[in-house]
Amino acid sequence: MRDTSAIPVPKSETLLDWYDGHARKMPWRVGPAERKAGVRPDPYRIWMSEVMLQQTTVAAVKDYFLKFTGKWPTVSDLAAAEDADVMANWAGLGYYARARNLLKCARAVAAEHGGVFPQTYAELLKLPGIGPYTAAAVASIAFDEPAVVVDGNVERVMSRIFNVQTPLPDAKPELTEWAATLTPTDRPGDYAQAVMDLGATICTPRNPACGLCPWRDNCRARLEGTPTDLPRKKPKKAKPKRRGIAYIARRVDGAYLLETRPESGLLGGMLGWPGSDWAETDPVPAPPIRAEWKTLNEEAKHTFTHFHLSLTVLTALVPMERQPERGEFIEADAFDPASLPTVMRKAFALTDRGKT
DNA sequence: CAGGCGTGGGT
DNA sequence: TACCCAAGCCT
């Protein structure tokens, strides 16, 4: 172990100078030059982007952000939206509780705050779907509050700068303390975005570009030569394999039999094909309507956060008068596979009509 | 409070 | 292939 006590503590100004020249451009971001010229970010758009970015890549978020803000330009517009419309538009982005909470939050802002976002970390934290990270991000970026923003990027940067060996998630409080020591009262929003940009483009998990880092002379892990060992993480559990059955019934007029899943739990509130439970044991058949079901020769494979799924897909063509025991028919012109969560879209893609 | 909760891209 | 990873929150 080298003596790292002589390494100077990094300065926020150094990072801000780097950010002025290297800030990534994003649809929701007010760049450093504009910001200095007095342009203020729209709290609604910052909030929207931060919720979408929870555990989700910037690349995946961009189109969804443009779609949502185009369709619902203000928080009041979103508050007035139909639940099913919001869920359908979120389809494919994952972590669907975010979409349900997004709508709850918009309605809370509309109903309890007169359509104006609360402007402090403490007040933002009370809203649904807004946790410590998102509250701090919105408070700092939209309202210039020097809140301590700690996301995965900040955890990685702090763990390396200060050579924190404690594994996550136990290290979180320690890393938050270090992050607090660096958070400036001047330009706190730009600083928050700067650390995240640093983590995303320079201080990356696998191959950090230490030579380009504005804080390279302040980094204890770099001096030790082991930045990629950090942050340490507790080992993850193996994913079990589950299987299930999905039933895709097409009525002769082209309507499809779908059902809205329960509000809570996996894919909560999303549209999907009726089916069996998904378990590690053999699935129990549960056809939603009487029909001659045909089994497709290929299964839909999908991996969720905590299990692998292999879905057997059954299809049937049913007559107009036949009534389903579960779900409801959606007319052909109202059915859009894009409004389904990905696993359900994969199942549909295996059918003849899904291949077109 | 440890685990539930999606998805797509990278290696 | 089978991992890992990405601007977390909720219960």
Side-chain angles (χ1 to χ4, degrees), chain A residues 24 26-29 45-65 87 90-102 104-105 124-142 147-157 168-170 172-173 176 179 189 191-201 203-208 228 231-242 261-270 272 278 300-309 338 340-346:
Chain A
R24 292 178 292 170
M26 297 177 209
W28 49 85
R29 178 176 280 181
R45 293 167 65 86
I46 297 302
W47 162 75
M48 175 80 71
S49 69
E50 293 300 345
V51 172
M52 288 184 168
L53 286 163
Q54 290 166 9
Q55 298 289 283
T56 308
T57 58
V58 169
V61 163
K62 278 183 178 168
D63 288 347
Y64 283 86
F65 175 83
M87 299 312 290
W90 195 276
L93 195 56
Y95 284 140
Y96 298 100
R98 292 183 297 170
R100 300 193 300 272
N101 284 331
L102 189 82
K104 278 187 204 164
C105 182
L124 288 161
L125 192 57
K126 296 177 183 172
L127 291 165
I130 297 186
Y133 163 73
T134 305
V138 174
S140 63
I141 297 170
V148 183
V149 175
V150 184
D151 73 330
N153 290 302
V154 177
E155 289 175 349
R156 186 169 56 256
V157 171
L168 286 166
D170 292 352
K172 180 92 173 184
T176 302
Y191 171 80
Q193 296 174 96
V195 191
M196 293 191 282
D197 276 17
L198 186 73
T201 64
C203 193
T204 55
R206 306 286 180 84
N207 295 298
T228 53
R232 297 194 185 281
K233 296 185 179 182
K234 284 189 174 175
K236 301 180 179 179
K237 293 187 176 177
K239 294 186 205 307
K241 296 184 199 307
R242 295 187 191 175
R261 300 171 62 87
E263 279 296 303
S264 64
L266 191 64
L267 309 180
M270 297 300 291
W278 299 341
K301 304 280 191 184
H302 191 72
T303 298
F304 291 99
T305 311
H306 54 296
F307 65 93
H308 301 289
L309 177 67
L340 300 177
T342 299
V343 63
M344 300 295 175
R345 210 180 309 170
K346 283 184 183 177

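Order of the sequence lines sets the chain letters (A, B, ...), proteins ahead of strands, with each chain counted from 1.
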Can you measure [X] atom [atom1] to [N] atom [atom2] for me and round it to whole angstrom units?
X: A:K236; N: C:dC4; atom1: NZ; atom2: C1'; result: 6 Å
X: A:L168; N: C:dA6; atom1: CG; atom2: P; result: 11 Å
X: A:E50; N: C:dC9; atom1: CD; atom2: C1'; result: 14 Å
X: A:Y133; N: C:dA6; atom1: OH; atom2: C1'; result: 11 Å
X: A:M196; N: C:dA6; atom1: CE; atom2: C1'; result: 13 Å
X: A:N207; N: B:dT11; atom1: CG; atom2: C1'; result: 10 Å
X: A:Y64; N: C:dA7; atom1: OH; atom2: C1'; result: 18 Å

Any side-chain heavy atom of [X] sitting closer than 4.5 Å to one from [Y]?
X: A:R98; Y: A:W90; answer: yes
X: A:M52; Y: A:L102; answer: no
X: A:L266; Y: A:F307; answer: yes
X: A:V61; Y: A:M26; answer: no

Residue met sooner reading DNA chain C from 5', once A:S49 and A:K104 are mapped to nucleotides: A:S49

Nearest heavy atoms of A:A135 and A:L124, plus distance in Å: O-CD1, 3.7 Å

Within the structure shown, what part of the strands sits under 4.0 Å from [X] by heavy-atom distance: base, sugar-phosphate, or nothing?
X: A:V154; result: nothing
X: A:W47; result: nothing
X: A:M26; result: base

[N] and [M]: how far apart are their [atom1] atoms, nearest whole angstrom?
N: B:dG10; M: C:dA7; atom1: P; result: 15 Å
N: B:dG9; M: B:dC5; atom1: P; result: 24 Å
N: C:dG8; M: B:dC1; atom1: C1'; result: 15 Å

More than 12 heavy atoms of other residues, nucleotides or ligands under 6.0 Å from NZ of A:K241: yes or no? no

So, for A:F304 and A:H306, is the gap between ring centers shorter than 6.0 Å?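 Here the rings of A:H306 and A:F304 have centres that are no less than 6.0 Å from each other.
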
Its contact letters, B for base, S for sugar-phosphate only and - for none at protein heavy atoms under 4.0 Å, make nucleotides 2-10 of chain B read -SSBBBS--

Presence of donor-acceptor pair under 3.5 Å, side chain of A:R156 and base of C:dA6: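 Looking at the base of C:dA6, it does not pair with any donor or acceptor on the side chain of A:R156 (distance under 3.5 Å).
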
